[in-house]
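Okay, so here's the structure we're looking at.
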Amino acid sequence: MKMQPEATAADAQTYESKEYKAKTEPGANANFIWYIDRFPYLKKLQAYSFFTYVLGVNKLIRLVDPKAKQPFLSVEDYPELKILQDNWAVIREEFEQLVARQSLPNLQDISSPQSVITSDDKWKTYILKVFGKMVDKNCEAMPKTAALLRQVPDMEAAMFSVIHGNKHVPPHRGGYCGLVRAHLGVKVPQPAEQCRIKVDGETVNWDNGSLFIIDDTCLHEAWNDSEEVRVVVLIDLRRRLPWPLTAINKSVLKVMSMLNISTEVFDNLERFQA
């Protein structure tokens, strides 16, 4: 297995920046922090209030649900994902047809806060659902995959994560543990050990048709040490929680869908589709 190169001075400077630390500090919601400094005063107060509320909900979820402290979750707890795993080859074929006729945007060109962890052209994305809303034009371009995704309940987001060869995604974490993130490998270079993810110190590799679920709020980083493209479908699901946390979780996600984080993503998707 190929070793990772030493970090450069530029890498070190990036990792010491306020924005990068916001990505990696425990409990931090990277998107919120990234936006807060750009807000006018009153809007900044609103953002801080909601951010504080989300941190409180995170603590409550971790207190009530022991699985919220685990970096990997059992696939058996989310049987609704089986339809995607059973049809991974169908999804791959449709994706290959898509990229044969159009290019994909860089991740950071759709969600600008991600520029903290990626700034080159080696991490692409194609989003079919985000913030609880289907991206109609993209779904029309991939009707078979979209039809499969519509059969998955409690799904908040679904997207293709396309990492080109010799790419390392540095350590980062999501900000809200009311979601869990499934990874479905659809095009993984062989041997599969070249393409791997480390979550809270535990490393696994993707493979064609393989499925695993992580807690995105755990610190994680990824590698594609091959010379080829690695394609994974990421699916965000609402975490299994007891009442009344289910209602609180839905309310948090609803508010998130109305924030600047959401509107910027949809604006960028429309701009790329134009």
Side-chain angles (χ1 to χ4, degrees), residues 57-95 127-132 134 142 144-161 163 169 172-188 190-193 195-223 230-250 252-253:
V57 174
N58 277 349
K59 291 179 181 179
L60 183 59
I61 289 174
R62 293 188 179 109
L63 179 66
V64 172
D65 182 11
K67 294 181 180 179
K69 300 175 183 178
Q70 300 172 358
F72 290 91
L73 292 89
S74 173
V75 174
E76 284 71 27
D77 289 342
Y78 296 85
E80 61 269 36
L81 294 171
K82 188 175 186 300
I83 190 172
L84 300 181
Q85 188 173 21
D86 288 347
N87 289 277
W88 73 268
V90 174
I91 297 171
R92 172 174 173 160
E93 181 181 11
E94 194 167 50
F95 177 80
I127 299 176
L128 296 175
K129 186 173 186 179
V130 65
F131 293 108
M134 300 299 286
M142 300 192 70
K144 294 178 183 179
T145 301
L148 291 168
L149 290 170
R150 288 191 174 98
Q151 298 180 59
V152 179
D154 298 332
M155 181 181 66
E156 290 292 320
M159 67 199 75
F160 287 88
S161 171
I163 296 182
V169 178
H172 61 288
R173 69 172 81 236
Y176 182 52
C177 64
L179 295 171
V180 299
R181 173 160 288 181
H183 290 234
L184 174 64
V186 295
K187 188 176 182 180
V188 181
Q190 300 298 309
E193 290 75 12
C195 299
R196 61 199 185 278
I197 182 171
K198 182 165 70 172
V199 186
D200 198 22
E202 184 177 347
T203 302
V204 299
N205 62 269
W206 294 281
D207 206 346
N208 294 318
S210 72
L211 177 72
F212 56 82
I213 304 172
I214 73 169
D215 182 336
D216 188 55
T217 64
C218 293
L219 195 65
H220 56 283
E221 60 185 308
W223 294 265
R230 185 239 61 181
V231 183
V232 169
V233 181
L234 304 179
I235 307 104
D236 286 349
L237 299 170
R238 292 198 293 274
R239 184 185 288 274
R240 298 275 193 270
L241 293 169
W243 182 266
L245 277 179
T246 50
I248 296 173
N249 193 21
K250 288 180 180 179
V252 170
L253 295 169

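It should be emphasised that the depicted structure is a prediction, and the values quoted were computed from it without experimental measurement.
Contact of the V90 side chain with the T145 side chain is not registered, since no non-hydrogen atoms from C-beta on lie closer than 4.5 Å. Taking the side chain as every heavy atom from C-beta outward, K67 and D77 approach each other to under 4.5 Å. Using a 4.5 Å heavy-atom threshold, the side chains of L179 and D216 count as separate.
Within the model, atoms CD of Q151 and CG of N87 stand 8.5 Å from one another, a figure rounded to the nearest 0.5 Å. In this structure, the separation between CG on L211 and NZ on K82 is 11.0 Å, given to the nearest 0.5 Å. With rounding to the nearest 0.5 angstrom, the CG atom of L184 is 11.5 Å from the CZ atom of R92. If you take CG on L253 and CD on E156, they are separated by 4.5 Å, rounding to the nearest 0.5 Å. We find the OH-CG distance between Y78 and D154 to be 9.0 Å, quoted to the nearest 0.5 Å. Between atom CG of residue L60 and atom CD1 of residue I248 there is a gap of 6.0 Å, rounded to the nearest 0.5 Å.
Ion pairing between R238 and E80 fails under the 4.0 Å rule for side-chain N and carboxylate O. With salt bridges taken as basic N to acidic carboxylate O contacts below 4.0 Å, none links D65 and R240.
Between the side chain of N249 and the backbone N or O of G178, at least one donor-acceptor pair lies under 3.5 Å. Panel note: side chain K144, backbone E94; no donor-acceptor pair is recorded below 3.5 Å. The closest donor-acceptor contact from the side chain of R173 to the backbone of T217 lies under 3.5 Å. In this structure, the side chain of R230 engages the main chain of S161 through a donor-acceptor pair within 3.5 Å. One N or O on the side chain of N58 and one on the backbone of C177 form a donor-acceptor pair closer than 3.5 Å. Formation of a donor-acceptor pair under 3.5 Å by the H220 side chain with backbone atoms of H172 is found in this model. Under a 3.5 Å cut-off, the side chain of N208 and the backbone N or O of V188 do form a donor-acceptor pair.
No option in K69, R62, R239, R181 other than R239 meets the side chain to side chain donor-acceptor pair (under 3.5 Å) test with D215.
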* To do: Please test Q190 against D207 for side-chain contact (heavy atoms from CB on, under 4.5 Å), starting from the C-alpha separation and ending with a verdict.
  => CA-CA 8 Å; Q190 300 298 309; D207 206 346; 3.1 Å; yes

Does W88 form a side-chain contact (heavy atoms from CB on, under 4.5 Å) with V233? I'd like the steps, not just the answer.
CA-CA 9 Å; W88 73 268; V233 181; over 6 Å; no

Worked check of side-chain contact (heavy atoms from CB on, under 4.5 Å) between L81 and L237: CA-CA 10 Å; L81 294 171; L237 299 170; 3.8 Å; yes

Item to complete: Give the C-alpha distance, both sets of side-chain angles, the deciding distance and a yes or no for side-chain contact (heavy atoms from CB on, under 4.5 Å) between I163 and W223.
Response: CA-CA 9 Å; I163 296 182; W223 294 265; over 6 Å; no

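Of all non-hydrogen atoms in N205 and E193, the two that sit nearest each other are CB-CA, 4.0 Å. Minimum heavy-atom separation, L245 to L241: CB-CB, 4.0 Å. Contact between P71 and D200 at its shortest, heavy atoms only, is CB-CB, 3.7 Å. Across all their heavy atoms, I91 and L84 have their closest contact at CD1-O, 4.0 Å. The heavy-atom pair separating E76 from S74 by the smallest distance is OE1-OG, 2.7 Å. In terms of heavy atoms, W206 sits closest to R196 at CZ3-O, 3.2 Å.
Relative orientation of the F72 and F212 rings is perpendicular, given thresholds of 30° and 60° on the angle between their planes.
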